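Contents: one structure, followed by commentary.
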Amino acid sequence: MAHQINTATCTSCDACQPECPNVAIRVKGGLYLINDKKCNDCEGHFDEPQCVAICPIDGCITEV
């Protein structure tokens, strides 16, 4: 399953973008977005999605 960033709670801290091994996170118009075609929950790289693990805002990044 892919993940999405809740743009209402995201503080644009940029912690998640460099952690994504699939380069699925980008900034558009000042908002962080996850490309659901690239996001694979970090399968084959890590045991858990790194964006969720690193995000300082609880519940900001959720599974779609």
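Because the structure is predicted, anything quoted here is derived from the model rather than measured.
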So among Asp36, Asp41, Asn35, which one has a side-chain contact (heavy atoms from CB on, under 4.5 Å) with Cys39?
Asp41
How close do Gln17 and Arg26 get, heavy atom to heavy atom, and via which atoms?
NE2-CA, 3.7 Å
Evaluate the side-chain proximity of Cys16 to Ile5: yes if any heavy-atom separation is below 4.5 Å, no if none is.
yes
Would you mind writing out the side-chain donor-acceptor pairs for residues 43-60 within the sub-3.5 Å range, not counting sequence neighbours?
| residue | atom | partner | partner atom | Å |
| --- | --- | --- | --- | --- |
| Gln50 | NE2 | Glu48 | O | 3.0 |

Go through the structure and list residues passing side-chain contact (heavy atoms from CB on, under 4.5 Å) with Cys20, not counting sequence neighbours.
Asn22, Ala24, Ile25
In terms of heavy-atom contacts, Asp14 and Tyr32 come closest through OD1-OH, 3.0 Å
Indicate yes or no: at least one non-hydrogen side-chain atom of Thr62 is less than 4.5 angstrom from one of Gln4.
yes
